[in-house]
Amino acid sequence: MFAKATKNMVSEIDTEGSLIPVSRLNDSDGLFPLALVIKRNRLWFWQSPKYLPSDFKLNDVLVGDPIKPVVIETDFLTYNGKIVDNKGGSATADIGPGSINIGGTGSSKLQSSFGNLKKEEVDVQKLLQDSKSRVLDLQHSLIQQTREMKREVLAVVKERIFTTQPCTVTEEVQGGGTCTGMFGFNKTIKVSVNDNEKPFVEYDNNVSINIPTKTTIAYSVIELEVNHTGRYGLCLRPNVKGGFELDGPVKVTRVKPVSAVPGKTTSKLQKDLEGLQGQFLVLSKLPSSTRCSLFQQISLLLQNSRALSLLEDALEDLCDGTQPDPSVLDEVPDLKVTLELVQKAASTNSSGKQTKPSVLTATHLLFSSLDEMTDSALFELESCCSYTTLQALLHIVQNMASRKKSSWNDAALAVLANEEVFKKITALFASCNVTLLKEKDSLVTKISNPQDPLPLMLCIAVKGLASLAPPV
């Protein structure tokens with residue numbers, strides 16, 4: 001719930017900006033100016049990088065005298081906000097003297113009041129000057145381990161946003177009932193400013209966590225380009241990415257802008273899905289008992305976004321050839337069961353060589369798409385987890401990708417004659433920012449934003465689950 005509160009705040013004040021929300025309260029103490037952070041690029045092209053705080057700062061890995069940075073502290077803003085997460089959508093955010101209001105109602109609420117926030121920011125000009133001719137200790141364990149991971153990059157904290165008053169994050173769970181017969185979330189998360197600090201409190205289905213003063217809730221980083229001598233440069237522009245020199249000069253990766261081509265939106269969607277078809281084939285060729293068990297386990301986890309995220313992380317570790325942290329998996333008992341099931345299937349299907357697509361990559365693909373979806377989308381998806389409904393969804397998303405209408409008379413869509421099923425499917429598409437409309441004898445899908453990744457996530461989730469779902 002702390003992660004949801006910080007993520008919501010960053011989405012409101014720094015949309016598509018450089019701020020990174022702190023996802024774990026325990027990481028906050030180590031996120032100060034010039035602290036070292038590991039940026040891990042992900043396996044799939046739509047996934048945002050992960051940022052892993054370390055126990056070190058830049059001076060710990062420098063050869064010679066330490067750098068003495070100039071850090072400027074300023075008032076940032078006063079933040080009070082509320083988000084209602086459902087299909088209708090509702091948001092209110094008070095930012096300083098201004099406010100944003102979007103109408104709607106629902107039953108999953110995130111209320112935040114971090115109070116007065118401050119910002120600490122490194123003087124980049126001085127840091128740039130101080131970094132000239134400086135060398136990193138390439139024998140330092142952190143640097144050696146980061147260099148070994150092909151998708152990891154060193155970065156330093158450039159700025160941090162922190163609290164100036166104690167706050168409390170509270171999650172209230174109201175029995176998981178429904179609202180107006182359609183919404184399944186009766187969960188409220190609130191952040192409120194305290195006059196005095198309180199300890200962690202847990203009662204009934206409600207949990208409260210105290211956020212002390214000077215807690216970092218968001219930060220930004222500067223990536224480092226490191227050559228074979230240990231000298232490093234600062235990546236000062238957003239489209240310049242850091243990394244380690246391997247053979248020859250440092251290769252700087254630049255982000256290529258993606259522009260929408262009129263009339264070609266869904267053709268790109270189709271191309272993306274065609275490139276992943278081998279992954280879905282791997283899932284569909286698993287033994288029927290394995291597919292059935294895996295489908296049941298995933299269905300159980302759809303209402304637990306935290307569990308999905310933890311399992312996605314564990315599967316990514318396995319894809320990288322490393323073992324996941326067992327203590328993390330202890331948080332949700334069903335995680336171990338699901339992971340053991342995937343590992344058993346992977347070992348059964350392995351021919352001795354790690355090939356792609358594999359059971360691990362195919363399963364990770366499915367969980368990565370689920371991890372990107374909102375709680376409301378996961379709720380609607382769970383309500384559609386029957387064989388006949390998934391087959392109807394599969395038919396619709398395949399036509400959506402190829403820019404075709406779906407015939408209402410198609411046998412695969414017979415289940416949509418049930419008005420409740422049609423409402424659920426319409427709500428699922430809406431939660432992924434896709435409009436599903438009836439036009440005479442056809443169903444038409446309309447994607448509102450060509451750059452939105454959620455329609456692709458919907459297609460991957462549907463195709464993955466349909467590959468596993470046991471026939472009736």
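Computation of the quantities below employed the complete heavy-atom set of this structure, encompassing side-chain atoms and omitting hydrogens, waters and symmetry-equivalent molecules. No experiment lies behind these values; they were computed from the predicted model shown.
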**Q** Calculate, to the nearest 0.5 Å, the distance between atoms CG and CG belonging to Asn59 and Asp65 respectively.
**A** 9.5 Å

**Q** For a side-chain contact (heavy atoms from CB on, under 4.5 Å) with Ile211, tell me which candidate from Ser28, Cys167, Pro166 qualifies.
**A** Cys167

**Q** Would you name the heavy atoms of Trp46 and Leu276 that are closest together and state the gap between them?
**A** CZ3-CD1, 4.1 Å

**Q** Any sub-3.5 Å donor-acceptor pair from Asp60's side-chain atoms to Lys57's backbone N or O?
**A**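 Indeed, once roles are kept as given, a pair shorter than 3.5 Å links the two residues.
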
**Q** Does the Thr163 side chain pair with the main chain of Pro212, one donor and one acceptor, at a distance under 3.5 Å?
**A** yes

**Q** Hydrogens and angles aside, do Ser448 and Asn433 bring a side-chain donor and acceptor to less than 3.5 Å of each other?
**A**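 Not at all, the side chains of Ser448 and Asn433 share no donor-acceptor pair under 3.5 Å.
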
**Q** Tell me whether Ser309 contacts the main-chain N or O of Ser305 through its side chain, where contact means a donor paired with an acceptor under 3.5 Å.
**A**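 Side chain of Ser309 to backbone of Ser305: no pair is present.
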
**Q** How long is the gap from CD on Gln145 to OG on Ser54, to the nearest 0.5 Å?
**A** 11.0 Å

**Q** Do the side chain of Ser220 and the main chain of Lys158 share a donor and acceptor less than 3.5 angstrom apart?
**A**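 Answer holds: no.
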
**Q** Do the side chain of Ser131 and the main chain of Leu128 share a donor and acceptor less than 3.5 angstrom apart?
**A**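 Between the backbone of Leu128 and the side chain of Ser131 there is no qualifying donor-acceptor contact (under 3.5 Å).
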
**Q** Measure the spacing between CZ of Phe429 and OG1 of Thr435 and express it to the nearest 0.5 Å.
**A**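 Between atom CZ of Phe429 and atom OG1 of Thr435 there are 10.5 Å.
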
**Q** Run the numbers on Thr164 and Asn116 for side chain to side chain donor-acceptor pair (under 3.5 Å), then give the verdict.
**A** CA-CA 6 Å; Thr164 61; Asn116 299 320; 4.8 Å; no

**Q** Any Lys/Arg nitrogen of Lys126 or Asp130 sitting under 4.0 Å from an Asp/Glu carboxylate oxygen of the other?
**A**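 Looking at Asp130 together with Lys126, the answer is yes, because their closest N to O distance falls below 4.0 Å.
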
**Q** Within the distance-only criterion (no hydrogens, no angle test), does the side chain of Arg160 pair as donor or acceptor with the backbone N or O of Phe32 below 3.5 angstrom?
**A**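 No, because the side chain of Arg160 does not come within donor-acceptor range (under 3.5 Å) of the backbone of Phe32.
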
**Q** Could you check Lys150, Arg151, Arg40 and say which one makes a side chain to side chain donor-acceptor pair (under 3.5 Å) with Asp320?
**A**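 Only one option passes, and that is Arg151.
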
**Q** Kindly indicate, with the supporting measurements, whether the criterion side chain to side chain donor-acceptor pair (under 3.5 Å) is fulfilled by Ser368 and Glu312.
**A** CA-CA 6 Å; Ser368 69; Glu312 190 272 334; 5.4 Å; no

**Q** Restricting to non-hydrogen atoms, name the atom on Val157 and the atom on Val37 that form the minimum distance, rounded to 0.1 Å.
**A**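 Where Val157 meets Val37 most closely, the heavy atoms are CG2-CG2, 3.7 Å.
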
**Q** Crowded around Lys446 NZ? As in, over 12 foreign heavy atoms under 6.0 Å?
**A**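 No, NZ of Lys446 has 12 or fewer neighbouring heavy atoms, counting only those of other groups under 6.0 Å.
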
**Q** Could you report the tightest heavy-atom contact between Leu286 and Arg291, atom names first, then the distance?
**A**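 Where Leu286 meets Arg291 most closely, the heavy atoms are O-NE, 3.0 Å.
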
**Q** Test: ring pair (Phe, Tyr, Trp, His ring centres under 6.0 Å). Region: residues 115-140. Which pairs qualify, not counting sequence neighbours?
**A** Phe56-His140

**Q** For the residue pair Leu335 and Ala307, what are the closest heavy atoms and their distance?
**A** CD2-O, 3.3 Å

**Q** Evaluate the side-chain proximity of Leu465 to Leu381: yes if any heavy-atom separation is below 4.5 Å, no if none is.
**A**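 In contact.
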
**Q** Locate the shortest heavy-atom distance separating His364 from Cys319; write the atom from each residue and the value.
**A**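 That would be CB-SG, 4.1 Å.
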
**Q** Quick check for you: to the nearest 0.5 Å, what is the distance between Thr6 atom OG1 and Leu19 atom CG?
**A**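 Here the interatomic distance stands at 11.0 Å.
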
**Q** Within the 4.5 Å heavy-atom criterion, are Pro324 and Leu318 side-chain neighbours or not?
**A** yes

**Q** Please verify the inter-ring angle class for Tyr51 with Tyr219; under 30° counts as parallel, over 60° as perpendicular, anything in between as tilted.
**A**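 If you compare the ring of Tyr51 with that of Tyr219, the planes turn out perpendicular.
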
**Q** Going by heavy atoms in the side chains, are Cys235 and Glu225 under 4.5 Å from each other?
**A** yes

**Q** With rounding to the nearest 0.5 angstrom, report the CG to CG distance, Leu31 to Leu36.
**A**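 If I round to the nearest 0.5 Å, the distance is 11.0 Å.
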
**Q** Got a sec: does the CD of Gln277 have more than 12 other heavy atoms crowding it under 6.0 Å?
**A** yes

**Q** Donor-acceptor pair, distance only, cut-off 3.5 Å: does the side chain of Gln279 make one with the backbone of Pro357?
**A**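 Flag not set: sc Gln279 to bb Pro357 has no pair under 3.5 Å.
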
**Q** Quick one: pull up OG in Ser431 and CG in Leu458 and give me the separation to the nearest 0.5 Å.
**A**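 Separation between the atoms: 7.5 Å.
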
